[in-house]
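Report on one structure; see the data block that follows.
In what follows, chains are A, B, ... by sequence order, proteins preceding strands, each numbered from 1.
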4 protein chains.
Amino acid sequence: MADPRAPKAPDASRRSERSRRAIFDAALALVGEVGYDKLTIEGIASRAGVGKQTIYRWWPSKAAVLLDAFGAVVDEYDHEGLPDTGDLAADLKFVLRATADEFNDAAWQAPYRALAAAGVNDEELSRTFVARLMEPSTRVYVDRLRAAQETGEVAPGVDLRIATEMLLSPFSQRWLMRTGELTHDYVDTLVDLVLHGLRPRG
Amino acid sequence: MADPRAPKAPDASRRSERSRRAIFDAALALVGEVGYDKLTIEGIASRAGVGKQTIYRWWPSKAAVLLDAFGAVVDEYDHEGLPDTGDLAADLKFVLRATADEFNDAAWQAPYRALAAAGVNDEELSRTFVARLMEPSTRVYVDRLRAAQETGEVAPGVDLRIATEMLLSPFSQRWLMRTGELTHDYVDTLVDLVLHGLRPRG
Amino acid sequence: MADPRAPKAPDASRRSERSRRAIFDAALALVGEVGYDKLTIEGIASRAGVGKQTIYRWWPSKAAVLLDAFGAVVDEYDHEGLPDTGDLAADLKFVLRATADEFNDAAWQAPYRALAAAGVNDEELSRTFVARLMEPSTRVYVDRLRAAQETGEVAPGVDLRIATEMLLSPFSQRWLMRTGELTHDYVDTLVDLVLHGLRPRG
Amino acid sequence: MADPRAPKAPDASRRSERSRRAIFDAALALVGEVGYDKLTIEGIASRAGVGKQTIYRWWPSKAAVLLDAFGAVVDEYDHEGLPDTGDLAADLKFVLRATADEFNDAAWQAPYRALAAAGVNDEELSRTFVARLMEPSTRVYVDRLRAAQETGEVAPGVDLRIATEMLLSPFSQRWLMRTGELTHDYVDTLVDLVLHGLRPRG
DNA sequence: ACATAAACGAGACGGTACGTCAGGTCTTTCA
DNA sequence: TGAAAGACCTGACGTACCGTCTCGTTTATGT
């Protein structure tokens with residue numbers, strides 16, 4: 001029973017896949033070239049060889065377009081859990097070093113920064129951004145820490161969500177606010193310091 | 001030795017203090033009312049009873065106006081160091097609880113969020129933002145931790161800058177990305193977890 | 001064969017007739033109310049209930065708008081030739097008296113003056129102004145004088161273009177520069193004096 | 001007895017002659033370089049090395065400045081009457097040919113055109129323009145024609161003001177509206193045609 | 001296979017804000 | 001105290017995009 005007040009419900013089954021792809025490509029290319037503030041719907045449409053209405057039909061804002069576009073890229077990566085060699089510190093350092101390298105890659109910077117920034121001012125967008133892009137990566141750390149908690153490497157009773165934040169937030173914050181470099185040394189120091197705090201006491 | 005290529009250097013000594021104040025008030029009021037994206041230079045000028053050119057003469061962007069405006073407010077606070085009762089955990093919890101309350105205050109939210117977001121996409125702005133608004137607050141934590149290190153509460157050799165990040169970044173990140181509430185309980189748990197990691201090993 | 005350097009060619013077939021009309025009406029009304037110098041594109045757009053871009057899309061300047069607007073009004077008049085009763089003097093006086101009355105009408109004054117003035121400083125505009133508004137009225141005089149030349153009322157060999165100027169220029173000049181009134185008496189005297197000069201000699 | 005409502009009465013005796021000259025020079029130079037529409041008070045002030053207020057103190061508009069500036073130049077010419085060799089046609093042709101050459105000189109064009117155009121839309125300005133610049137040149141023609149009327153070359157009873165208009169208006173109009181060239185041939189034809197009309201009848 | 005309805009490309013439209021320019025007023029500083 | 005310098009408020013400029021709204025033109029079933 002459709003809401004008769006609804007303005008229009010475009011028929012998703014007839015949607016042009018070609019246009020969708022072209023819009024994603026254009027959006028990602030443009031945000032890298034001109035930055036988020038100068039990214040425009042008209043620019044995306046023109047670069048994609050698409051009518052403006054085709055964008056407005058399927059997305060409510062340029063942030064939503066970019067989120068979908070970036071999400072499509074991210075989804076192509078496998079999201080296996082973290083490795084579990086039995087050495088928690090080594091496992092965390094290994095993955096975080098790889099993540100640091102990723103964040104230092106220019107192709108990721110522009111869209112990720114843009115979306116993070118847009119989310120800061122737009123509550124709904126930030127919820128989607130967190131759920132779609134941040135939560136999946138966060139969860140694997142929580143899972144690995146839980147495994148470590150079960151083997152006694154991490155003290156029982158520690159709030160793993162907060163523990164993960166202690167690990168990932170300094171990392172993200174440094175990058176977002178440019179308060180420091182994301183080097184492998186930094187990652188190692190951070191992991192050691194955090195794990196020390198999580199270790200069973202006494 | 002002035003740069004002869006400089007387009008024009010307005011004479012700061014003739015600047016109207018009345019206009020400057022009115023612009024700050026208008027900017028802060030408007031960013032709270034309509035949000036950063038709908039904040040416009042024209043809107044600020046009109047609300048402040050000021051010509052647009054008076055804004056363009058002294059600031060390069062709306063972000064710069066807002067940064068100055070918010071900075072002026074922040075500067076009115078005393079920036080004493082953290083209390084030092086000898087109990088590091090208690091001191092940190094006391095101050096962080098107060099900060100949490102501050103961040104939950106709507107009047108602070110709008111401009112701070114706006115500037116953080118703008119900084120994410122604008123390197124130069126982010127440097128100013130960090131130096132002007134974040135660094136002063138961060139430094140007092142570093143100082144308090146150094147004092148604690150000297151009394152042996154904190155292990156020698158710990159990188160205090162990173163330690164401070166472990167404390168403040170999860171806090172900021174939660175707030176910026178809305179991944180959780182800033183409650184007193186959260187603050188207490190975070191402080192305990194972090195301090196445990198900093199404690200001398202034994 | 002389109003000029004590829006041309007910036008953009010708006011599609012005239014999609015043009016809104018309603019907007020075009022509204023712009024003409026607004027331009028003519030405003031030039032009468034506030035005068036040419038205080039006539040603004042923004043004012044026209046606002047009065048016409050039209051976006052500024054809709055004006056800039058189709059006209060290069062406010063003078064061009066006004067020229068089209070006034071031209072559209074003028075085109076509604078029939079441009080029959082002058083009457084030919086066989087009495088040249090009477091025919092000229094009859095038409096020139098009517099023209100004098102027209103020029104003394106406030107509704108004609110504002111746009112005509114404005115365009116004449118704009119043309120003085122803008123060569124291209126003046127060419128259009130002359131071709132579109134002045135030439136058609138001038139031609140009918142030349143034609144009538146030619147007929148008179150064939151009947152012998154006007155001396156053969158007289159340059160009819162210059163003869164027409166002798167008749168019309170004093171008239172226009174008086175009005176433009178406000179050096180005198182355009183009365184029926186003035187018209188009669190002028191016609192008599194000019195025709196005397198054109199009469200066959202001997 | 002000064003009008004106490006008058007906002008301010010600058011003391012003309014203290015006026016800086018140096019500034020006045022510089023303003024005239026700047027105005028005439030600029031109107032030639034950029035045209036009347038792009039001539040600005042700020043531009044004149046800056047070029048003249050003068051404060052804007054110094055212009056506003058002494059003139060009400062840029063047209064007034066230009067009128068004074070051009071008038072000062074014109075006043076340096078002697079305004080003797082027309083020559084009177086006894087041959088009216090020859091005398092008129094001689095002077096009108098010289099005038100045609102003058103009007104074809106670029107240095108005269110810009111300010112004269114500008115003032116004529118400004119006068120079309122501004123009644124008060126046009127009165128001053130006519131009285132200051134046009135009337136003196138016109139009067140010498142009227143005087144010469146009166147002399148001719150007394151010798152019988154021109155029919156008694158002819159309105160000399162209108163006769164002069166028949167001679168000068170076609171000339172000015174051609175130039176203002178660019179409807180034709182001001183050649184010596186043109187001048188000769190015009191003079192002959194007009195004089196024929198003025199000749200005693202019978 | 002073909003009718004038909006939707007999505008599509010294109011882009012004109014009424015708007016808002018941009019950043020710039022100049023107008024005319026006012027104040028400060030200097031000679 | 002007149003003049004230079006220039007900051008100020010005002011308001012129009014011409015441009016860029018916004019989001020909405022037609023226009024024909026594909027395209028993709030569904031009978």
Using whole Å, what does the distance between atom [atom2] of nucleotide [N] and atom [atom1] of [X] come to?
X	N	atom1	atom2	result
Ile41(A)	dG11(E)	CD1	C1'	16 Å
Arg18(A)	dG9(E)	CZ	C1'	13 Å
Glu17(C)	dT22(F)	CD	C1'	17 Å
Tyr56(C)	dC13(E)	OH	C1'	17 Å
Trp59(C)	dA12(E)	CH2	P	14 Å
Asp37(D)	dG23(E)	CG	P	12 Å
Lys38(B)	dG19(F)	NZ	C1'	12 Å
Lys62(D)	dA22(E)	NZ	P	10 Å

Do Asp122(D) and Arg178(C) meet the salt-bridge criterion of a basic N to acidic O distance under 4.0 Å? no
With a 4.0 Å cut-off on N to O distance, would you call Asp11(B) and Arg57(B) a salt bridge? no
Identify whether any heavy atom of [X] sits under 4.0 Å from a base atom; if not, whether one sits that close to sugar-phosphate; answer base, sugar-phosphate or nothing.
X	value
Ser19(B)	sugar-phosphate
Arg15(B)	sugar-phosphate
Gly49(D)	sugar-phosphate

With hydrogens left out and only the distance checked, is there a donor-acceptor pair under 3.5 Å joining Lys52(A)'s side chain and the base of dG19(F)? yes
For the side chain of Gln53(A) and the base of dC21(F), is some donor closer than 3.5 Å to an acceptor across the two? yes
Reckon [X] has a side-chain N or O less than 4.0 Å from the OP1 or OP2 of [N]?
X	N	answer
Trp58(A)	dA6(E)	no
Arg57(B)	dC8(F)	yes
Arg14(C)	dC13(E)	no
Thr54(B)	dC9(F)	yes

Evaluate Glu124(A) against Arg127(A) for side chain to side chain contact (heavy atoms under 4.5 Å, CB included), listing each step before the verdict. CA-CA 5 Å; Glu124(A) 186 177 328; Arg127(A) 303 234 176 272; 5.6 Å; no
Residue closer to the 5' end of DNA chain F, Glu42(B) versus Ala12(B) (nearest nucleotide): Ala12(B)
Any non-hydrogen side-chain atom of Val120(A) less than 4.5 Å from a side-chain atom of Val120(B)? no
Pairwise side-chain hydrogen bond (donor to acceptor under 3.5 Å, both in side chains) hits with a residue in residues 25-40 of chain B, at least two apart: Glu33(B)-Arg47(B)
